[in-house]
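Reviewing the structure listed below.
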Amino acid sequence: MLLKKIYLIELLRFASSLAVIIHHYEFFFFRANDFNLLKISEENFNILPFGKILDFVYEFGDYGVHIFWTISGFVISYVYYDSIKKYNWKMFFINRFSRLYPLHFITLLAVIVIQFIDLDFSKELDLFKYNDLYHFFLNLFFISAWGFEQNFSFNLPIWSVSLEIIAYTIFFITVSKFNNLGLKELFIFYFLLTIISKTGFMENDQHNDLLSCIRLFVSGMIVFILFKQNRKYIFLFLSVLFLIFSFINNFKIFFFCPGVLMLILSIENFFDIKNKMFLNFCSIMGNLTYSSYLIHLPLSLIIISFYRNDAQIFLSEYFFVSYIIAIIIISLISYHFIEKKLKKFIRDKFISRK
């Protein structure tokens, strides 16, 4: 299958990251912190900037992580599933490492610098509670959410990416070793993961997060197989069915995420979008997903260190808009002048070209 960029997925990726960033706006009022007397809870999200409009995102924006895990399963399958034989373990690992690790390392160092510049302030932040040498090495080796940790540490959002490393490993091993891996095998694997999650065998929060990550990643792989079959109307019908079912009785994230992804893919299938300005916008926003996700917490900590005695400013809609714009601008700079260059350098250095 000839690969082409699926632009609306790029937009969905950024929207998922933005939802998490808005959800994390509560860092300015973090409930466990003592520096800010303006305590925020689900009952008073409406006092936050644009609270009446963004109330749902403030409360449930963390589901953007779950959507992103599903997108990752689809995108990794889209890129590697049919061409996995061209890649050995080293090539696959370097491709993933060069994209993810450089910015992770830079933001890890940034949080350490922020902590040491204002150590008294950082002691007031619950986010810094486990910023010790042990958790530094967990972060350094990208295993900060593998169950070895006591809690979140350093650049908190990296936990979800840490779990994706396990999903990538499972993907490479299964797809490269089993030639006939298809819908049947993926459904069986997904069903087994679901059974394990329901048994209570892995009640630890970290284990539940890992199971959720792998289940959603596998659901993204299943979406890819269905997408590849090119049955547009069946695909659209399934997407609507999943979305409807996800809202019946209790909200079901494991139906919602693949449903949203399939709906976006259906829109791109049925509408031949040719507006270059819009397509470029989607591409740019997609490129900013990872950088915005990792940069927003260090930026928040810097801002808090300056305005912790004037916390009312965090309720300003002007501040909120400025904060989002600042994240986008810094992410643009990061992607073009740091991430792209380091990714190219690492791949050129460690992957031989024949």
Side-chain angles (χ1 to χ4, degrees), residues 9-31 33 36 38 40-42 45-72 100 103-104 106-108 110-111 114 125-127 145 152-164 209 213 253 257 260 281-282 284-307 311 313-335 338-339:
I9 278 193
E10 297 297 304
L11 202 56
L12 180 62
R13 287 175 65 220
F14 180 75
S16 301
S17 175
L18 186 60
V20 175
I21 291 170
I22 294 173
H23 174 74
H24 284 172
Y25 195 77
E26 70 169 19
F27 286 156
F28 292 116
F29 313 90
F30 206 75
R31 300 167 203 172
N33 294 336
N36 189 342
L38 294 171
I40 301 297
S41 64
E42 287 86 350
F45 277 142
N46 61 312
I47 73 169
L48 294 176
F50 305 103
K52 293 181 180 179
I53 301 172
L54 298 176
D55 176 81
F56 186 82
V57 186
Y58 281 126
E59 186 169 358
F60 300 109
D62 55 333
Y63 283 138
V65 170
H66 298 76
I67 295 173
F68 194 79
W69 282 336
T70 311
I71 294 172
S72 291
L100 300 175
L103 188 62
H104 161 56
I106 291 169
T107 52
L108 172 61
V111 171
I114 294 167
L125 291 171
D126 189 64
L127 294 174
F152 296 126
S153 60
F154 293 96
N155 193 13
L156 179 151
I158 199 63
W159 72 271
S160 64
V161 186
S162 174
L163 290 180
E164 278 198 67
D209 288 334
C213 174
I253 190 65
C257 291
V260 165
F281 173 76
C282 292
I284 291 170
M285 292 297 102
N287 290 336
L288 301 186
T289 299
Y290 188 57
S291 49
S292 62
Y293 185 67
L294 289 195
I295 285 169
H296 77 275
L297 177 58
L299 178 62
S300 299
L301 295 175
I302 293 172
I303 294 171
I304 290 171
S305 69
F306 280 99
Y307 289 101
I313 193 173
F314 304 139
L315 298 176
S316 165
E317 293 182 351
Y318 294 107
F319 172 83
F320 177 88
V321 172
S322 300
Y323 169 69
I324 298 298
I325 291 174
I327 290 173
I328 291 173
I329 292 173
I330 296 171
S331 298
L332 275 168
I333 295 170
S334 169
Y335 178 74
I338 299 176
E339 295 169 67

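- Note: Ile21 CD1 to Phe14 CZ = 6.0 Å, rounded to the nearest 0.5 Å.
- Considering OH of Tyr335 and CG of Leu288, their distance stands at 9.0 Å, rounded to 0.5 Å.
- Within the model, atoms CG of Leu54 and CG of Leu48 stand 9.0 Å from one another, a figure rounded to the nearest 0.5 Å.
- Evaluation of the side chain to side chain donor-acceptor pair (under 3.5 Å) rule for Ser16 yields no partner, not counting sequence neighbours.
- Residue pairs meeting the side chain to side chain donor-acceptor pair (under 3.5 Å) criterion with at least one member in residues 293-302, sequence neighbours excluded: His24-His296, Ser160-Tyr293, Ser300-Tyr323.
- When all heavy atoms are compared, the tightest approach of Ser292 to Ser17 is OG-OG, 3.0 Å.
- With rounding to the nearest 0.5 angstrom, the CD1 atom of Ile333 is 12.5 Å from the CD1 atom of Ile328.
- Atom CD1 of Ile158 is separated from atom NE2 of His104 by 5.0 Å, given to the nearest 0.5 angstrom.
- By the salt bridge (charged side-chain N to carboxylate O under 4.0 Å, His left out) test, Glu164 is found to be paired with no residue, residues two or more places apart in sequence or in another chain being considered.
- At least one side-chain heavy atom of Ile284 sits less than 4.5 Å from a side-chain heavy atom of Leu332.
- With a 4.5 Å cut-off on side-chain heavy atoms, Val111 and Thr107 do not count as touching.
- Classification of the Tyr25-Tyr58 ring pair by plane angle, with boundaries at 30° and 60°, yields tilted.
- In this structure, Leu18 and Ile327 have side chains that are not in contact, with every pair of non-hydrogen atoms separated by 4.5 Å or more.
- Nearest heavy atoms, Ala326 versus Leu299: CB-CD2, 4.2 Å.
- Taking the side chain as every heavy atom from C-beta outward, Phe68 and Arg13 approach each other to under 4.5 Å.
- Taking every heavy atom of both residues into account, Leu294 and Asn155 meet most closely at O-ND2, 2.9 Å.
- Ring-plane geometry between His66 and Trp69 is classed as perpendicular, the angle between the planes exceeding 60 degrees on a 0 to 90 degree scale with a lower cut at 30.
- Other residues, nucleotides and ligands contribute over 12 non-hydrogen atoms within 6.0 Å of the CZ atom of Phe320.
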Could you give me the CA-CA distance, side-chain angles and deciding distance for Leu103 and Ser291, then say whether side chain to side chain contact (heavy atoms under 4.5 Å, CB included) is met? CA-CA 7 Å; Leu103 188 62; Ser291 49; 3.8 Å; yes
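- Atoms CD1 and CD1, from Ile324 and Ile329 in turn, are 12.0 Å apart once rounded to the nearest 0.5 Å.
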